[in-house]
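Below, all heavy atoms of this structure are taken into account, side chains as well, without hydrogens, waters or symmetry copies. Both ligands and their constituent atoms are indexed starting at 1 by order of listing.
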Amino acid sequence: MSQDHETLDNLLRENRTFPPSTEFAENSNITADLYTQADADRLGFWEQQARELDWDTDFTEVLDWSDAPFAKWFVGGTLNVAYNCVDRHVHAGFGDQVAIRFEGEPGDQRNITYRELMGEVSKAANALQELGVTAGDRVAIYMPMIPEAVVAMLACARVGAAHSVVFAGFSAEALRSRIQDAQAKLVITVDGQNRRGSVMALKPAVDEAVAACPSVNNVLVVKRCGNDVTWGEKDVWWHEFVDQQSEEHTPLAFDSEHPLFILYTSGTTGKPKGILHTTGGYLTQVAYTHRVVFDLKPDSDVYWCTADIGWVTGHSYIVYGPLANRVTQVIYEGTPDTPGKDRWWDIVERHGVTTLYTAPTAIRTFMKWGDELPGSHDLSSLRLLGSVGEPINPEAWMWYREVIGGSNCPIVDTWWQTETGGIMISPIPSVTATKPGSAMRALPGIGLAIVDEQGTELGDGHGGFLVLTQPWPGMLRGIWGDDQRFVDTYWSKWPQYYFAGDGAKFDDDGAIWLLGRVDDVMNVSGHRISTTEVESALVSHSSVAEAAVVGASDDTTGQAIVAFVILRSGMDGADGTELVKELRNHVATEIGPIAKPRQIMIVPELPKTRSGKILRRLLQDVAEHRNIGDSTTLADPAVMNLISTGLEASSSDN
Ligand code: WTA
């Protein structure tokens with residue numbers, strides 16, 4: 001677990017609580033009754049949430065769990081996700097409401113109404129069909145935060161093709177492996193994206209990946225930056241091909257369990273897992289949680305989730321949940337420090353953002369940049385703040401509340417995962433008295449427990465492993481192409497429970513404190529990266545014989561990647577500084593810049609047990625500059641001395 005006992009004890013002494021203001025509670029129609037209703041009849045509760053959507057064919061059964069852990073929700077029902085997110089709002093008379101207020105990094109702006117979005121999605125759906133994409137196919141999307149990314153996702157949903165969005169910061173190699181695993185037929189991308197004031201080409205990475213992917217028939221390219229691109233015979237310009245399509249498209253209804261998307265996430269092995277989500281249950285849960293957790297007011301809120309569509313937060317809380325709920329939202333293309341470090345606060349002020357949903361790593365960065373930047377803007381439009389992706393420390397929580405929220409906005413710290421599809425643990429802002437740093441309790445409809453190694457449920461004041469005790473509508477339906485890995489990863493430690501991989505603790509009042517991953521998955525700036533993935537990237541370099549990677553705590557990014565490498569023989573004379581630089585770049589090429597180790601230490605040995613297992617715990621002590629813990633299980637106890645002394649000679653660069 002990433003936090004030591006001292007921190008934990010401090011957390012558990014946290015006795016500040018912040019109940020919602022009377023005004024906030026009175027203006028909300030969400031009350032504590034929701035918990036009572038869900039407790040009284042859980043499936044009936046979910047049925048009621050599902051009824052908020054437009055179904056083409058009604059479902060006949062809420063949940064079929066007979067083939068556990070493979071769930072079927074809203075059995076027999078059919079619906080179209082894109083219709084639910086767009087068309088139905090137009091038919092209900094909200095065609096002129098702005099769905100997306102887009103702001104590019106250079107400052108270009110574009111408002112897209114629900115009627116316009118319906119036209120764009122329909123055109124793109126027609127284009128996909130003309131390119132031979134049909135229901136059940138897979139489409140890879142490798143795009144920055146521009147409206148066409150949302151349109152592309154919705155167009156896939158509209159024609160029943162599963163999208164696999166690959167974060168645009170991933171390398172060509174990472175893109176290739178994901179395209180191949182899903183056997184994608186089409187890739188949708190851009191020429192380039194605006195980042196920190198310059199144009200970063202994206203198309204070359206796609207060209208490189210697609211060259212090794214015979215499943216891909218076409219590459220559909222949005223012209224975003226106008227940078228030069230190499231043009232191949234599979235390439236099709238979006239503005240030539242999509243724009244000439246008809247704005248009319250009749251959505252087909254798909255089975256509630258029809259695949260909606262695959263999203264790859266790191267597991268404990270080197271191979272990312274393709275998390276599979278389906279249609280009816282997923283949309284039900286993301287729409288419900290978005291409505292309740294963000295106390296949504298579709299007629300007056302301006303919502304802004306700062307995530308990227310390359311991560312699950314972008315899927316569930318930019319695209320599907322918010323649009324199903326007819327939100328007006330801001331989408332911003334660029335980085336928070338361009339042109340100045342107050343860009344976000346400028347956006348909040350100019351767009352009158354009411355609801356801001358972001359990650360602790362961003363909050364900690366803004367804390368470092370100083371109070372003057374947000375202080376120079378009028379942030380009084382804000383009424384609710386959210387946090388996601390990693391534990392938020394009480395200091396950052398208080399800063400967020402006071403400096404950004406003017407001590408006037410409830411904070412919802414939301415715990416969930418790519419696998420859960422939607423938020424599972426969170427305060428309800430109109431109901432819950434929050435504690436700084438705690439995600440508080442399971443949402444109505446969610447069954448959760450904290451258990452010990454034997455699977456025995458623990459009570460208040462105790463910590464252990466977080467498990468989900470009941471199936472939920474947005475749950476993953478499997479790992480793409482690997483049912484066994486799905487069962488082994490999540491359902492084998494305690495077969496009756498879904499094991500989330502996180503440690504957690506109930507405090508004396510029953511509030512939940514998340515304690516970080518208990519497996520070999522790191523959380524860097526809210527992004528999941530497995531230690532094994534980085535290790536494989538390092539050993540694929542010709543000068544590395546062995547590598548061990550740990551996540552060390554970091555003030556800004558939560559955890560930082562620290563690598564220990566043993567060089568191949570004959571490398572003794574190598575220039576350490578140069579080599580470390582080269583290895584960091586090599587990891588960026590293999591995985592992406594987000595996986596670059598903060599620090600690489602060249603060591604003569606690694607600490608191993610007699611059975612050859614690397615004791616990462618000891619390396620973590622080194623990486624976090626602690627006294628080295630119990631090393632009696634080492635095959636060779638002298639190794640730790642060797643490592644500690646060897647460190648003087650090795651280098652780190654940031
Ligand atoms: C961590 C992101 C503490 C956790 C939505 C989980 C959190 C992993 C929180 C999932 C939170 C997410 N407090 N930890 N509020 N939210 N996590 O799949 O370790 O990218 O298992 O989904 O992030 O990361 P993922």
Side-chain angles (χ1 to χ4, degrees), residues 1-3 7-8 11 165 167 169-170 261-268 272-277 285-286 289-290 293 305-318 320-321 357-364 385-394 396-397 400 411-427 434-443 448 450 463 465-468 474-476 479 489-490 498-505 511-530 551 553 557-559 594:
M1 293 188 200
S2 66
Q3 277 157 328
T7 329
L8 184 55
L11 285 177
V165 181
F167 175 56
F170 276 130
F261 67 83
I262 304 167
L263 183 57
Y264 287 84
T265 186
S266 292
T268 52
K273 303 174 282 199
I275 303 298
L276 173 67
H277 283 287
Q285 186 165 348
V286 295
T289 49
H290 178 258
V293 171
C305 166
T306 67
D308 189 285
I309 47 137
W311 311 111
V312 75
T313 308
H315 286 60
S316 301
Y317 298 105
I318 292 177
Y320 295 113
Y357 189 30
T358 192
T361 185
I363 298 166
R364 289 191 294 263
L385 303 173
S387 172
V388 60
E390 46 177 322
I392 178 165
N393 45 314
W397 195 101
Y400 198 26
I411 296 180
V412 286
D413 174 10
T414 61
W415 179 91
W416 58 294
Q417 307 178 299
T418 305
E419 291 87 341
T420 69
I423 298 172
M424 306 295 278
I425 309 176
S426 168
T434 52
K435 298 185 182 193
S438 168
M440 301 307 296
R441 61 181 287 197
L443 284 177
L448 166 157
I450 296 175
F465 304 98
L466 181 66
V467 295
L468 299 167
M475 69 195 291
L476 75 164
I479 293 177
T489 309
Y490 305 104
Y498 167 89
F499 175 40
D502 279 43
K505 177 140 187 157
I512 299 167
W513 297 81
L514 275 316
L515 304 173
R517 302 286 308 187
V518 294
D519 53 16
D520 290 333
V521 176
M522 300 172 285
N523 189 328
V524 182
S525 298
H527 301 147
R528 278 162 70 172
I529 301 170
S530 87
S553 55
T557 59
Q559 279 191 309
I594 49 164

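The ring-ring contact (aromatic ring centres under 6.0 Å, His included) check on Trp416 picks up Tyr317, with sequence neighbours excluded. In this structure, Thr420 has no side chain to side chain donor-acceptor pair (under 3.5 Å) partners at least two apart in sequence or on a different chain. Shown here are the ring-ring contact (aromatic ring centres under 6.0 Å, His included) partners of His290, two or more places apart in sequence or in another chain: Phe294, Tyr303.
Looking only at distances, a side-chain donor or acceptor of Gln559 sits under 3.5 Å from a matching main-chain atom of Asn523.
When only modelled atom types and interatomic distance are considered, Tyr400 and Thr358 share no side-chain donor-acceptor pair under 3.5 Å.
Every protein residue with a heavy atom nearer than 4.0 Å to ligand 1 is included here: Val312, Thr313, Val388, Gly389, Glu390, Pro391, Asp413, Thr414, Trp415, Trp416, Gln417, Thr418, Asp502, Leu514, Arg517, Asn523, Arg528.
Between Gln417 and Ile275 there is no side-chain heavy-atom pair separated by less than 4.5 Å.
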